[in-house]
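Computed from a prediction, not measured in an experiment: that's the story for all the values here.
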Amino acid sequence: MAAVREGLPDGRYGRSADARADRTLKIVGAVLGAGLLALIAWFGYDYIAGQDVSGRLTGFKVVADDAVDVRLEITKDKDVTGVCTVRTLDEYHDEVGRKDFTFDQREGDLVKVVTVRTTARATTAELIGCEPGR
């Protein structure tokens, strides 16, 4: 009795349909992955480069139980008015003060010390964000 073979011998007649499908899936996956990476990079660049006003909190000093001096570095276009929001927190991380500061000077880079009034003694200050004024 002779044994019956179910398929063609491996490697004798070229690639099988599964190998071609695997190669196609790899190519499609690589193209889609590269496209997704390019899209993420474009959104990131647009977010960073598209900001007309940016700020950085470089220091703060609690000057009284109801006041904190905050040092801000603001970068903006000369013809743009910037609005930055600062908040202060107490030792329990509850917000005890918040204030918006408007910067309309005709300078690109500014370093300003501003005072935030608080309802209780603050232990820290943070910059919420900066945006172009209305």
Side-chain angles (χ1 to χ4, degrees):
M1 224 163 151
V4 179
R5 296 189 89 158
E6 296 269 338
L8 299 174
D10 291 334
R12 188 167 184 181
Y13 297 103
R15 292 182 161 188
S16 69
D18 288 340
R20 280 190 293 271
D22 288 346
R23 183 171 186 264
T24 303
L25 285 175
K26 287 179 185 176
I27 291 171
V28 169
V31 169
L32 289 176
L36 181 63
L37 187 63
L39 186 67
I40 290 170
W42 182 73
F43 280 133
Y45 174 77
D46 185 55
Y47 176 75
I48 292 170
Q51 290 185 349
D52 293 333
V53 180
S54 65
R56 201 170 71 157
L57 188 142
T58 57
F60 67 92
K61 181 179 181 182
V62 179
V63 294
D65 285 343
D66 64 346
V68 177
D69 285 344
V70 179
R71 184 174 188 267
L72 298 173
E73 291 181 3
I74 310 300
T75 303
K76 64 180 188 68
D77 293 337
K78 291 183 180 185
D79 58 342
V80 173
T81 298
V83 178
C84 294
T85 304
V86 177
R87 77 175 182 170
T88 57
L89 305 173
D90 66 7
E91 63 183 322
Y92 303 108
H93 301 287
D94 293 328
E95 185 174 297
V96 293
R98 178 184 288 249
K99 188 164 183 185
D100 293 332
F101 296 98
T102 302
F103 303 100
D104 56 359
Q105 293 86 349
R106 296 289 177 214
E107 301 173 35
D109 296 331
L110 303 167
V111 176
K112 293 288 183 181
V113 176
V114 294
T115 301
V116 179
R117 294 287 180 196
T118 62
T119 58
R121 185 165 185 84
T123 58
T124 190
E126 63 183 14
L127 177 65
I128 300 296
C130 295
E131 59 187 31
R134 294 163 190 82

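For the side-chain contact (heavy atoms from CB on, under 4.5 Å) test, residues two or more places apart in sequence or in another chain that qualify with Tyr92 are Asp90, Asp94. By the side-chain contact (heavy atoms from CB on, under 4.5 Å) test, Gln105 pairs with Phe103, Glu107, Leu110, Lys112, sequence neighbours left out. Here Thr119 pairs with Val96 under the side-chain contact (heavy atoms from CB on, under 4.5 Å) rule; sequence neighbours left out. For Glu91, the side chain to side chain donor-acceptor pair (under 3.5 Å) test picks out no residue, with sequence neighbours left out. Thr85 meets the side chain to side chain donor-acceptor pair (under 3.5 Å) test with Asp100; sequence neighbours excluded. Among residues two or more places apart in sequence or in another chain, the side-chain contact (heavy atoms from CB on, under 4.5 Å) test is passed with Thr75 by Ser54, Asp109.
Here Arg106 contributes atom CZ and Asp77 contributes atom CG; the two are 11.0 Å apart, rounded to the nearest 0.5 Å. The structure places CZ of Arg87 at 4.0 Å from CD of Glu126, a figure rounded to the nearest 0.5 Å.
Cluster partners of Leu37, using a side-chain heavy-atom cutoff of under 4.5 Å among ILVMFWY residues and allowing indirect links: none. Cluster note: Phe43 groups with Leu39, Trp42 through ILVMFWY side-chain heavy atoms spaced under 4.5 Å, whether in direct contact or through intervening members. Here Val111 is tied to no hydrophobic group at all, with no ILVMFWY side chain closer than 4.5 Å.
The 12-atom threshold is exceeded at CZ of Arg98, counting heavy atoms of other residues, nucleotides or ligands nearer than 6.0 Å.
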Show the atom names and distances, to 0.1 Å, of all donor-acceptor pairs under 3.5 Å that link a side chain in residues 59-72 to residues at least two apart or in another chain.
residue: Asp65; atom: OD1; partner: Arg121; partner atom: NH1; Å: 2.8
residue: Asp69; atom: OD1; partner: Thr115; partner atom: OG1; Å: 2.7
residue: Arg71; atom: NH1; partner: Thr58; partner atom: OG1; Å: 2.8

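For the residue pair Thr88 and Ala125, the shortest heavy atom distance occurs at CG2-CB, 4.1 Å.
Under the disulfide bond (SG atoms under 2.5 Å apart) criterion, the residue pairs touching residues 77-111 are Cys84-Cys130, with sequence neighbours excluded.
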